[in-house]
2 protein chains.
Amino acid sequence: MRIQKGNVLNTSIPTCRNCPNLSCLIQYCDQEAKAFAGENKINYLIPKDQYVFQEGSLVLGAYFIFKGKAKVVSNNLQNRQQTVRLAGDGHILGHMTLDKEFYPIGAVAMEDTKVCFLENKLFFQLISNNPKFAYQVIRFYSKELRKSELRNRSFSQMKTFEKIVFAFLYICSSFGYTEKEKILIDFSRAEIAAIAGTNPEQVSRSISLLKEKGYLESDGQKIIITDMPKLKELLSPYLSWEILE
Amino acid sequence: MRIQKGNVLNTSIPTCRNCPNLSCLIQYCDQEAKAFAGENKINYLIPKDQYVFQEGSLVLGAYFIFKGKAKVVSNNLQNRQQTVRLAGDGHILGHMTLDKEFYPIGAVAMEDTKVCFLENKLFFQLISNNPKFAYQVIRFYSKELRKSELRNRSFSQMKTFEKIVFAFLYICSSFGYTEKEKILIDFSRAEIAAIAGTNPEQVSRSISLLKEKGYLESDGQKIIITDMPKLKELLSPYLSWEILE
DNA sequence: CTCAAAACCTGCAAAAACGCAGGACTTTTT
DNA sequence: AAAAAGTCCTGCGTTTTTGCAGGTTTTGAG
């Protein structure tokens, strides 16, 4: 995936009081606060493959995904990029701070994505006046922390093949694909490798193997999961307590 | 490390109003709330190698470390244990919930550790009435999340030797060892392996190599770090933005 | 539709990591 | 102080992963 810098565009999103996105935590604010947030937040449309914010830039506030998909990425000095988290509708990107801080990681839109930006002070005001909202934000971060920790554990014990299977399941769970008939994943091999922590060759090998077994099919370069239960079964030794929810 | 089940003991800890532990987030509450918390929290002394809480048990509240060291662990079905986080004074273990939930991970004391237990409702009350406290809790979790994500990235790109070096640095940073003359680490090879995500043999091999290079010494089975800057240098390709703070 | 660029697949050899086994060293117990 | 138990070190063969190379397929622009 090529990542370009570029301008983000202002976009129209309903105000918070009648926002249709039920998974957004701002829904837990009272009416007054919602009105206030709706007036003061800034809406952006981030085009596919562009940064929501870049590693190393100043933290001005946090981003709530209204609609779209994003990945949280981190580069090392050898310029290898690793995807450390996937985020869908209602998820929070970045964080708030009252100090001068810099993002240690970056976030990139994986499709055209609409986000709501809450500036530091605004976020803090909402927290101060809306305990239920504060509680939900705490819950969000503590949940993500546990998920990240469990992922950490799994990755350090899984073999490469299993990590790749895990990447498929993680993609499905993050973007809310239910266990309908067939699930289509339109990610490049390199993209999947960056999630699984390996290289595109291994991803190809694993996909071939999974196709042989009949758990996957492919439509061009797209991947279709045909037997989700079997995929989950492959990881059963690791998933005693659900990482994917 | 053998982990035993056993009863935790009640212990005396100063009340929150005059608590000497400045890194505890409850310090951000107002005087009234501190008094209330001090009266209603429960203090425990968890003996070394015993669980603070076990994977799979019901979440009744969260634990604040008053004094001691603990590790957050996760077992897979093959009964291999992985350490996913280290926690020292003032850190939070577990989480709060208003629903019926179970801990997906466990926490084990690494030395005799005094903790303050805040029951779900008490925690929620503190958050509701003390925005500064709520803000700090959010900050704690979002920071830990970023650290976990960066660790995730590093681990998926480091070679085993580097992961082991990282484990040393992580231990030092988590337990607040400053860069004084010499730093002593009293962990078994297996313990270090569980943090680094490898096996004790590789830890031994790496330690030997580091001793050859003169970055470490050993006193019996204990490890003494003699050249911290050099150790950090080994990881410089990965640590552009500080994971260890 | 055609063609070039990009992405993908797979064989292979080199590198890395694993895990057993046996001996050395430490710690604990008696 | 000696014995026993536990931990650590290291050599070695096996398994796993890596990364290149070259051929194939897919995609997207004109």
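In the text below, chain A, chain B and the rest are named by the order of the sequence lines, each starting its count at 1.
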Salt bridge (charged side-chain N to carboxylate O under 4.0 Å, His left out) between B:K147 and B:E144, intermediate numbers included
CA-CA 5 Å; B:K147 275 162 71 174; B:E144 287 298 323; 3.5 Å; yes

Can you list the steps and then say if B:N21 with B:S23 is a side-chain hydrogen bond (donor to acceptor under 3.5 Å, both in side chains)?
CA-CA 6 Å; B:N21 181 354; B:S23 56; 2.8 Å; yes

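When the side-chain nitrogen and oxygen atoms of B:T160 are compared with OP1 and OP2 of C:dA17, one or more of them lie within a distance under 4.0 Å. Within the structure, every side-chain polar atom (N or O) of B:T198 is placed at least 4.0 Å from both OP1 and OP2 of C:dA17.
Between the P atom of C:dC25 and the CD1 atom of B:I223 lies a distance of 18 Å, rounded to the nearest Å. Between the NZ atom of A:K211 and the C1' atom of C:dC9 there is a distance of 9 Å, given to the nearest Å. In this structure, CD1 of A:I164 is placed 14 Å from P of D:dT16, rounded to the nearest angstrom. The interatomic distance linking B:M158 (CE) with C:dA15 (P) rounds to 23 Å, in whole Å. Atom P of nucleotide C:dA16 and atom NZ of B:K163 are separated by 14 Å, given to the nearest angstrom. Atom P of nucleotide D:dT14 and atom NZ of A:K159 are separated by 17 Å, given to the nearest angstrom. In this structure, A:L216 places its CG atom 15 Å from C1' of C:dC9, rounding to the nearest Å. Between B:F187 atom CZ and C:dT26 atom P there is a gap of 21 Å when expressed in whole angstrom units.
The ring of B:F155 has its center no closer than 6.0 angstrom to the ring center of A:F155.
Sequence order on DNA chain D of the closest nucleotides to A:E201 and A:D219 puts A:E201 first from the 5' end. With the nearest nucleotide of DNA chain C identified for both A:S208 and A:S156, A:S208 has the one nearer the 5' end. For the pair A:Q221 and A:N199, both in contact range of DNA chain D, the more 5′-proximal nearest nucleotide belongs to A:N199. Closest-nucleotide positions on DNA chain C for A:I207 and B:K222 were compared, and the one nearer the 5' end corresponds to A:I207.
Counting distance only, with no hydrogens placed and no angle test, the side-chain atoms of A:R205 and the base atoms of D:dG19 include a donor-acceptor pair under 3.5 Å. Between the side chain of B:R189 and the base of D:dG6, no donor-acceptor pair of N or O atoms lies under 3.5 Å.
A salt bridge links A:E149 with B:R85: at least one charged nitrogen is closer than 4.0 Å to a carboxylate oxygen.
Between A:F187 and A:F175, the ring planes lie tilted relative to each other; the angle falls in the 30° to 60° range.
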